[in-house]
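The analysis underlying the following values was restricted to heavy atoms, covering all of them including side chains, and did not include hydrogens, waters or symmetry mates. In each ligand, atom 1 is the first atom listed, and ligand 1 is the first ligand listed. We count residues from 1, following the sequence as given. In this text the structure is predicted, and so the values were computed from the model without any measurement.
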Amino acid sequence: MAGTLKSATGKSKINLSTKKFGIVVAEWNEEITEALYEGAYTALIKLGAKKSNLHRITVPGSYELPLAAQRLAKQKEIAAVICLGCIIQGETPHFDYICNAVANGIMRVNLDSGKPVAFGVLTTLDKKQALERAGGKHGNKGEEAAVTVVEMLK
Ligand code: RBF
């Protein structure tokens with residue numbers, strides 16, 4: 001049946017055509033995060049979600065992802081949220097502060113809401129590593145984040 005997936009064990013099915021998803025995209029390193037969004041969006045559609053059930057929020061940077069994810073997760077009709085960002089290491093320790101804050105913030109939304117909230121945030125040493133994970137030789141981590149929330153819903 002269209003929009004219905006079998007789980008890894010083949011025992012349970014889920015109809016994604018009725019599920020609503022939130023997708024939060026950070027604007028920092030936009031070229032990368034838009035590629036992650038493309039990966040997540042395409043994966044959800046392929047898995048059976050409806051375009052009209054995908055709700056995107058754009059935020060300035062990855063640090064803002066948890067608040068927007070919380071806003072979406074609080075909505076009763078949203079089943080799961082995907083957070084997409086790209087943090088590239090610079091010359092100052094901001095990288096560690098931002099990565100830790102974002103990872104902890106997203107986990108908090110996950111546990112507080114009881115809904116799947118995916119960490120689709122690249123934390124890389126340079127842009128090359130990020131491109132390799134946004135549709136390059138290491139796949140597309142946005143796509144993987146979308147598959148992950150669907151697995152968790154199952
Ligand atoms: N946001 C990102 O999503 N990726 C980055 O690589 C990134 N680098 C930043 C570097 C510095 C020095 C600062 C101050 C912010 C950076 N941000 C980055 C933005 C951050 O996520 C947030 O939007 C701002 O700190 C405002 O809260």
Side-chain angles (χ1 to χ4, degrees), residues 5 8 14 16 19-154:
L5 280 175
I14 180 168
L16 283 194
K19 300 274 183 223
K20 294 190 195 301
F21 294 88
I23 308 176
V24 193
V25 186
E27 280 180 317
W28 262 76
N29 302 309
E30 199 174 16
E31 178 189 349
I32 312 281
T33 59
E34 286 303 326
L36 296 175
Y37 175 71
E38 193 57 39
Y41 184 93
T42 307
L44 289 174
I45 298 298
K46 263 193 204 154
L47 290 165
K50 276 192 186 158
K51 285 181 186 176
S52 57
N53 284 337
L54 306 185
H55 302 281
R56 172 177 169 153
I57 295 183
T58 303
V59 294
S62 294
Y63 193 78
E64 285 71 42
L65 288 169
L67 180 61
Q70 183 189 57
R71 181 71 62 88
L72 284 165
K74 271 186 180 165
Q75 295 177 29
K76 206 175 155 218
E77 62 278 11
I78 297 278
V81 180
I82 297 160
C83 296
L84 303 171
C86 173
I87 310 167
I88 298 178
Q89 188 161 30
E91 288 174 358
T92 55
H94 75 273
F95 178 78
D96 299 317
Y97 288 108
I98 297 178
C99 292
N100 285 326
V102 176
N104 290 330
I106 291 174
M107 176 54 80
R108 193 168 134 194
V109 179
N110 226 308
L111 297 177
D112 287 353
S113 68
K115 294 178 181 178
V117 182
F119 181 77
V121 182
L122 298 178
T123 59
T124 63
L125 300 179
D126 53 41
K127 187 176 171 186
K128 182 173 171 280
Q129 285 186 339
L131 284 167
E132 287 170 355
R133 289 156 180 81
K137 70 175 180 187
H138 292 300
N140 186 313
K141 301 300 168 191
E143 179 185 326
E144 289 176 25
V147 172
T148 298
V149 293
V150 170
E151 286 293 318
M152 290 302 285
L153 286 175
K154 283 193 277 179

Asker: Report the member of Trp28, Phe95, Tyr63 with the shortest heavy-atom distance to atom 1 (N) of ligand 1.
Answerer: Trp28

Asker: Backbone, side chain, both or neither: what part of Asn29 comes under 4.0 angstrom of ligand 1, heavy atoms only?
Answerer: side chain

Asker: N/O to N/O below 3.5 Å, does that happen between Cys86 and ligand 1?
Answerer: yes

Asker: Specify whether the nearest protein heavy atom to atom 10 (C) of ligand 1 is under 4.0 angstrom away.
Answerer: yes

Asker: Flag yes if more than 12 heavy atoms outside Lys115 fall under 6.0 Å of its NZ atom; otherwise flag no.
Answerer: yes

Asker: Would one find an N or O of Ala26, backbone or side chain, under 3.5 Å from an N or O of ligand 1?
Answerer: no

Asker: How far is atom 6 (O) of ligand 1 from the closest protein heavy atom, and which atom is that?
Answerer: Ile88 N, 3.1 Å

Asker: Determine if the distance from atom 25 (O) of ligand 1 to the closest protein heavy atom is below 4.0 Å.
Answerer: no

Asker: Is there side-chain contact between Leu16 and Phe21, with at least one heavy-atom pair below 4.5 Å?
Answerer: yes

Asker: Tell me if the CZ atom of Arg71 is crowded by more than 12 foreign heavy atoms within 6.0 Å.
Answerer: no

Asker: Keeping Glu64 on the side-chain end and Gly61 on the backbone end, is there a donor-acceptor pair under 3.5 Å?
Answerer: yes

Asker: Answer yes or no: is there a donor N or O on one side and an acceptor on the other, between the side chain of Thr33 and the main chain of Val25, under 3.5 Å?
Answerer: no

Asker: Which one holds for Ile98 and ligand 1: side chain close, backbone close, both close, or neither close, with close meaning a heavy atom under 4.0 Å?
Answerer: side chain

Asker: Give the C-alpha distance, both sets of side-chain angles, the deciding distance and a yes or no for side-chain contact (heavy atoms from CB on, under 4.5 Å) between Ile32 and Thr124.
Answerer: CA-CA 11 Å; Ile32 312 281; Thr124 63; over 6 Å; no

Asker: Could you check if a side-chain atom of Tyr37 sits within less than 4.5 angstrom of a side-chain atom of Ile82, using non-hydrogen atoms only?
Answerer: no

Asker: I want to confirm something. Looking only at heavy atoms, which of Glu64, His94, Gln89, Glu30 is nearest to atom 12 (C) of ligand 1?
Answerer: His94

Asker: For atom 3 (O) of ligand 1, what's the nearest protein heavy atom and its distance?
Answerer: Ser62 OG, 2.7 Å

